[in-house]
Amino acid sequence: LALESNPSDHPRASTIFLSKSQTDVREKRKSTHLNHVSPGQLTKKYSSCSTIFLDDSTVSQPNLRTTIKCVTLAIYYHIKNRDANRSLDIFDERSHPLTREKVPEEYFRHDPEHKFIYRFVRTLFSAAQLTAECAIVTLVYLERLLTYAEIDICPTNWKRIVLGAILLASKVWDDQAVWNVDYCQILKDITVED
């Protein structure tokens, strides 16, 4: 990829998830326009580009719950609007399950809902006491992986990819990083070697 296309290296480059989310944003705008909803009737506040829900966050004190919702929405759009199902065996949950429970085959045929992704990430963040900034760093690492490894996040690999991005982000961002064994206490069925 050209240097200009990577948001990590070039400040004017757009993120991958932003382009994937634009389809849904355009549909919501059309729906709002067609139903003649006035701005006063909307219960949620949006940023000037109508893509991010704003809560009581500030730059110096970001709201963790809202930040995690936004990051998991980006992950949801990556899965929903993926180009293909390119993956690596190391991330495949069928080969390397995160739980001992038998996962039904239809689980891998359907994209996960946003709330399911949110619950998974929120559980990790609350148990490991990670910060909102760590969630943003997680998304940066996730986008780098998708850009350079030429893989897609799909129903078979999203949990392992997100877990790896969170693990790396927590080690880079936090002064007192969570140990790998601590994640094994959160996700009971995996080992440190895994």
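These numbers come from a predicted model, not from an experiment.
- By the 4.5 Å heavy-atom criterion applied to side chains, D111 and P155 are counted as neighbours.
- In this structure, I136 CD1 and I68 CD1 are separated by 10.0 Å, a value rounded to the nearest 0.5 Å.
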For a side chain to side chain contact (heavy atoms under 4.5 Å, CB included) check, start with the C-alpha distance between F125 and I166, then their side-chain angles and the critical distance, and finish with the verdict. CA-CA 9 Å; F125 268 74; I166 291 171; 3.8 Å; yes

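- Partners of S126 under the side-chain hydrogen bond (donor to acceptor under 3.5 Å, both in side chains) rule, at least two apart in sequence or in another chain, do not exist in this structure.
- Contact record, T131 with L64: C-CD1, 3.6 Å, taken as the closest heavy-atom pair.
- At distances below 3.5 Å, not a single donor-acceptor pair connects side-chain atoms of H78 with backbone N or O atoms of E143.
- Nearest heavy atoms, C154 versus N85: CB-OD1, 3.5 Å.
- L130 is not listed as a side-chain neighbour of L124, based on a closest heavy-atom distance of 4.5 Å or more.
- Counting heavy atoms from C-beta on, the side chains of I79 and I117 come closer than 4.5 Å.
- Looking only at distances, a side-chain donor or acceptor of N157 sits under 3.5 Å from a matching main-chain atom of D152.
- Residues A132 and T67 come closest through the heavy atom pair O-CG2, 3.6 Å.
- Once rounded to the nearest 0.5 Å, the distance linking NZ of K115 with CZ of R122 reads 12.0 Å.
- Each of F91, F116, Y76 was compared with W158 under the side chain to side chain contact (heavy atoms under 4.5 Å, CB included) criterion, and only F116 meets it.
- A distance of 6.5 Å separates CG in L139 from CD1 in I75, rounded to the nearest 0.5 Å.
- Atoms CG and CD1, on D92 and I161 in that order, are 10.0 Å from each other to the nearest 0.5 Å.
- Between P62 and E133, the closest side-chain pair of non-hydrogen atoms falls below 4.5 Å.
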Using the side chain to side chain contact (heavy atoms under 4.5 Å, CB included) rule, take R82 and I153 through it: C-alpha gap first, then chi angles, then the decisive distance, then the call. CA-CA 7 Å; R82 64 188 178 275; I153 301 181; over 6 Å; no

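- Nearest heavy atom pair, residue V137 against residue A169, reads CG1-CB, 3.7 Å.
- Distance check, rounded to the nearest 0.5 Å: CG of L168 to CH2 of W173 gives 13.5 Å.
- Between the CG atom in L145 and the CG atom in L88 there is a gap of 7.5 Å [rounded to 0.5 Å].
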